[in-house]
Number of protein chains: 4
Amino acid sequence: MARKPLTKPRKYASQERSRATVDALIAATARVLVKEGFDKASTNRIAEKAGVSIGSLYQYFPCKESLVVAVIERHNQELMQVVHATLAEVASQPIEKAVPRLVLAAVEAHRVDPKLHRVLAEQTPRTGKLENIEAYNRDAHALFRAYLEGHRDELRVADLDLATFICVTSIEALTHTAVLHHSEMLTDEAVGRLVDEASRLVLGYLQ
Amino acid sequence: MARKPLTKPRKYASQERSRATVDALIAATARVLVKEGFDKASTNRIAEKAGVSIGSLYQYFPCKESLVVAVIERHNQELMQVVHATLAEVASQPIEKAVPRLVLAAVEAHRVDPKLHRVLAEQTPRTGKLENIEAYNRDAHALFRAYLEGHRDELRVADLDLATFICVTSIEALTHTAVLHHSEMLTDEAVGRLVDEASRLVLGYLQ
Amino acid sequence: MARKPLTKPRKYASQERSRATVDALIAATARVLVKEGFDKASTNRIAEKAGVSIGSLYQYFPCKESLVVAVIERHNQELMQVVHATLAEVASQPIEKAVPRLVLAAVEAHRVDPKLHRVLAEQTPRTGKLENIEAYNRDAHALFRAYLEGHRDELRVADLDLATFICVTSIEALTHTAVLHHSEMLTDEAVGRLVDEASRLVLGYLQ
Amino acid sequence: MARKPLTKPRKYASQERSRATVDALIAATARVLVKEGFDKASTNRIAEKAGVSIGSLYQYFPCKESLVVAVIERHNQELMQVVHATLAEVASQPIEKAVPRLVLAAVEAHRVDPKLHRVLAEQTPRTGKLENIEAYNRDAHALFRAYLEGHRDELRVADLDLATFICVTSIEALTHTAVLHHSEMLTDEAVGRLVDEASRLVLGYLQ
DNA sequence: CATGAATGAGTTTTCATTCAT
DNA sequence: AATGAATGAAAACTCATTCAT
């Protein structure tokens, strides 16, 4: 009876050690991607910055791509957390209130780690396992569509899929471009105007 | 004085030959980019496909990037030709007529060489000289802004720059995504609906 | 004095356990060699297939080579068992009867584990501790030489060492090649003819 | 008319340069194989010893294996030259004269570059493109079979294919083993006895 | 003793670019 | 100018072995 408590922690310890290594590698990958760009982000550099040997890197990630995939997944999860929370929050609100809130959430999502987001968006080739870089978009579409479905009576659109496509694509493009390419739009005031205008765009369309 | 008439043609000939080589190289680059993707598009392969030695390639292009820049410029020029022509065409038309026409033009522009457009958009890192891949957007903004300026009385927007940003970014994103990622939206009927909805989006915002 | 009876069984138990681990490792090595080939047979894979940690593997075998050496020794022992038994069996028989029996034994020996034999013969470099892969040949020579010595009066050869070399090398080569590279020679009938011809070869030489 | 002779040498020069590089690489591969063994023969080491950059190595050989294949082919060609010449020489001779001559040729063939032959035979895995390391054996079989066919009236064997297999396999094994593993058999006298005995083996079988 | 996480030297291979001819 | 042979830095990845737990 005395031994089990002794062995379990040991196992935990080793599990934690693995986990720490994996985390360090993902974090290092993100850091290197941001600092050096996608091309210069070699596995050796990543291992070095993670304070881990190259061998350990390949113990946990079968190839370079999989590291980037892990970073993407972690990043997308963070983005989706914002979107998810916001959609839950506005679920029962009318579109006049919900849409501005959602646009703001999109801005916030892009501000989670804008430098990383930019590297992923602009330097990371959508090839091989990286083809699904924008998988989060699918989730966003589904969530937004569900919201629209719940508020159909407020809408004046025939095709809900098309409406979802129109709204999500526009909001994503506007907030993405604003956050990543127009830093002048990031003052509180400018963000306010952006949110207003984007909301007017979408609301005008939906109603 | 006697020589000039003699050398000029020769010079022309050599200039033409140069021009032909340059064209062949740009065309080969575009072809290789589409066929092999950005990563696999090596200068040696490009030279080979252009029917030119690797040495000659470097006679005309100082580095690989410059080849891709040339392809981008040629492609963007083709895109802008469509946009330019359309904006000239609609310059004096009211926004209700102009906007749908412009959205359609955006679709058409993306259909000029969609495979190349996709490689440039999704696989080509915006690094170094390639940062300006989307330079055509700046032109589009300027042209569209000029159109709006000429139709200010029809608009109900305060900030013309912001309105331009909203409209151009949305139209670009919608047509880009539709053409490159939703082939089901490319039937005549579906394109029609896309144009209708996108126009409604933009017009609802502008008016 | 009281402890010994107590520890001995325990020691036995642990010895047996060790022995089991060692056996599992050797068996796993053989399996992996056959399945993956020599190059792809990594120590980690072997440990895994043996159901043993890599650390334990190195508890029992100082290096990869020594694992392969153990496999070779086990395999050679199995081969030699066949040869040994057959030579004992024919010890007092005249060469006309003994030689065909020995050739058949050579075929049988190669059929003990032909896949492993082939990996050892064709993929395993005779380097370092592995130089003696064909050690079984030395034993075979000695045993065969002893047989010949006992039947010198039936022979018409001057140099017994040379005769041994001639006979054993030929028989080994013929049976090895037939079994491992000419599966068409492995029907009962074909084996019969092979044994006949090889025996005729050797007997014609010895008499 | 004057230009052609001027350009041709240039082309030759470049062809010769390529050829020289290729030759240097094959020669270096053979040297490194002999000196360091198959495992240690890395492409970088080979390029270095060839006095050629690693890039040039891969210009001419797509992978490490292909280098070794080239060495094997060159070596086998040298071996087969000996065998070929000898078989032409003895084509019309009776088997009593021909067989000893052929056995001697086999010894000579193995002495062409015994160290290389040994590395290829004992350290080079028959995997991938290297599976056909012993392709020369097929040629030898065919040539020897043709000789036997031309001397059928001197033979007392039913199945010519089987007879070829028996003879070629035996002679190859005996001379291979003698040359590569029994240096004591390489004095003139010992070689004489080996040739005598091996010939007696084969002749006794054929007649 | 057992475990398995960690190590890192070493390997193959690619490709933009240079430069002698 | 044209050619294409040559370059070599740098990248991804492997695996036998060690060692802290």
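Letters go in sequence order (proteins before strands), and every chain restarts at 1. Since the structure is predicted, the reported quantities are computational estimates derived from the model, not experimental observations. Hydrogens, waters and symmetry mates play no part in the numbers below; they use all other heavy atoms, side chains included.
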Worksheet item: What does A:F61 touch in the nucleic acid at a heavy-atom separation under 4.0 angstrom: a base, only the sugar-phosphate, or nothing?
Response: nothing
Practice prompt. Tell me which of D:L57 and C:E65 sits closer to the 5' end of DNA chain F, going by the nucleotide each one is nearest to.
Written response: D:L57
Fill in: 5'-most by nearest nucleotide on DNA chain F - C:C63 or A:K64
A:K64
Discussion item. As a test of reading the structure: which of F:dT7, E:dT12, F:dA1 is closest to the side chain of D:Q59, going by heavy atoms?
Written reply: F:dT7
Discussion item. Considering only residues two or more places apart or on different chains, which pairs with a residue in residues 44-55 of chain C satisfy side chain to side chain donor-acceptor pair (under 3.5 Å)?
Written reply: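 Of all non-adjacent pairs touching residues 44-55 of chain C, those that pass side chain to side chain donor-acceptor pair (under 3.5 Å) are C:E36-C:R45, C:S53-C:S56.
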Worksheet item: Does anything in residues 30-39 of chain D reach DNA chain E, meaning a heavy atom under 4.0 Å, and if so which residues?
Response: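 Within residues 30-39 of chain D, no residue comes under 4.0 Å of DNA chain E.
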Worksheet item: In residues 43-56 of chain C, which ones come under 4.0 Å of DNA chain E, going by heavy atoms?
Response: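 By residue number: C:S53, C:I54, C:G55, C:S56.
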Fill in: Secondary-structure stems for DNA chain F, with pairs counted as Watson-Crick or G-U when both distances are under 3.5 Å and runs at least 3 long
E:2-21 with F:2-21
Could you report the tightest heavy-atom contact between [X] and [Y], atom names first, then the distance?
X: A:K115; Y: A:V34; value: CB-CG1, 3.8 Å
X: B:C63; Y: B:Y58; value: CA-CE2, 4.0 Å
X: A:I46; Y: A:L57; value: CG2-CD1, 4.1 Å

[X] side, atom [atom1]; [Y] side, atom [atom2] - distance, nearest 0.5 Å:
X: C:Q59; Y: C:S18; atom1: CD; atom2: OG; answer: 9.0 Å
X: A:E73; Y: A:N76; atom1: CD; atom2: CG; answer: 8.0 Å
X: A:R74; Y: A:L116; atom1: CZ; atom2: CG; answer: 7.5 Å

Donor-acceptor pairs are to be reported for all side-chain atoms of residues 120-129 of chain B against protein atoms at under 3.5 Å, with residues two or more places apart or in another chain.
unit_1: B:E122; atom_1: OE1; unit_2: B:R118; atom_2: NE; d: 2.9
unit_1: B:E122; atom_1: OE2; unit_2: B:H181; atom_2: NE2; d: 2.5
unit_1: B:Q123; atom_1: OE1; unit_2: B:F38; atom_2: N; d: 2.9
unit_1: B:T124; atom_1: OG1; unit_2: B:V119; atom_2: O; d: 3.0
unit_1: B:R126; atom_1: NH1; unit_2: B:T124; atom_2: O; d: 2.7
unit_1: B:R126; atom_1: NH2; unit_2: B:A121; atom_2: O; d: 3.0
unit_1: B:R126; atom_1: NH2; unit_2: B:E134; atom_2: OE2; d: 3.2

Below 3.5 Å, can you tabulate the donor-acceptor pairs from side chains in residues 20-32 of chain D to any protein atom, sequence neighbours excluded?
unit_1: D:T21; atom_1: OG1; unit_2: D:R17; atom_2: O; d: 3.0
unit_1: D:D23; atom_1: OD1; unit_2: D:R19; atom_2: NE; d: 3.4
unit_1: D:D23; atom_1: OD1; unit_2: D:R19; atom_2: NH2; d: 3.0
unit_1: D:T29; atom_1: OG1; unit_2: D:L25; atom_2: O; d: 2.6

Worksheet item: Just how far, in rounded Å, is P of F:dA11 from CG of A:L67?
Response: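 It is 15 Å, rounded to the nearest whole Å.
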Discussion item. Without decimals, in angstroms, what is the distance between B:K40 NZ and E:dT14 C1'?
Written reply: 11 Å
Item to complete: Establish, with yes or no, whether the OP1 or OP2 oxygen of F:dT17 is under 4.0 angstrom from a side-chain nitrogen or oxygen of C:Y58.
Response: yes
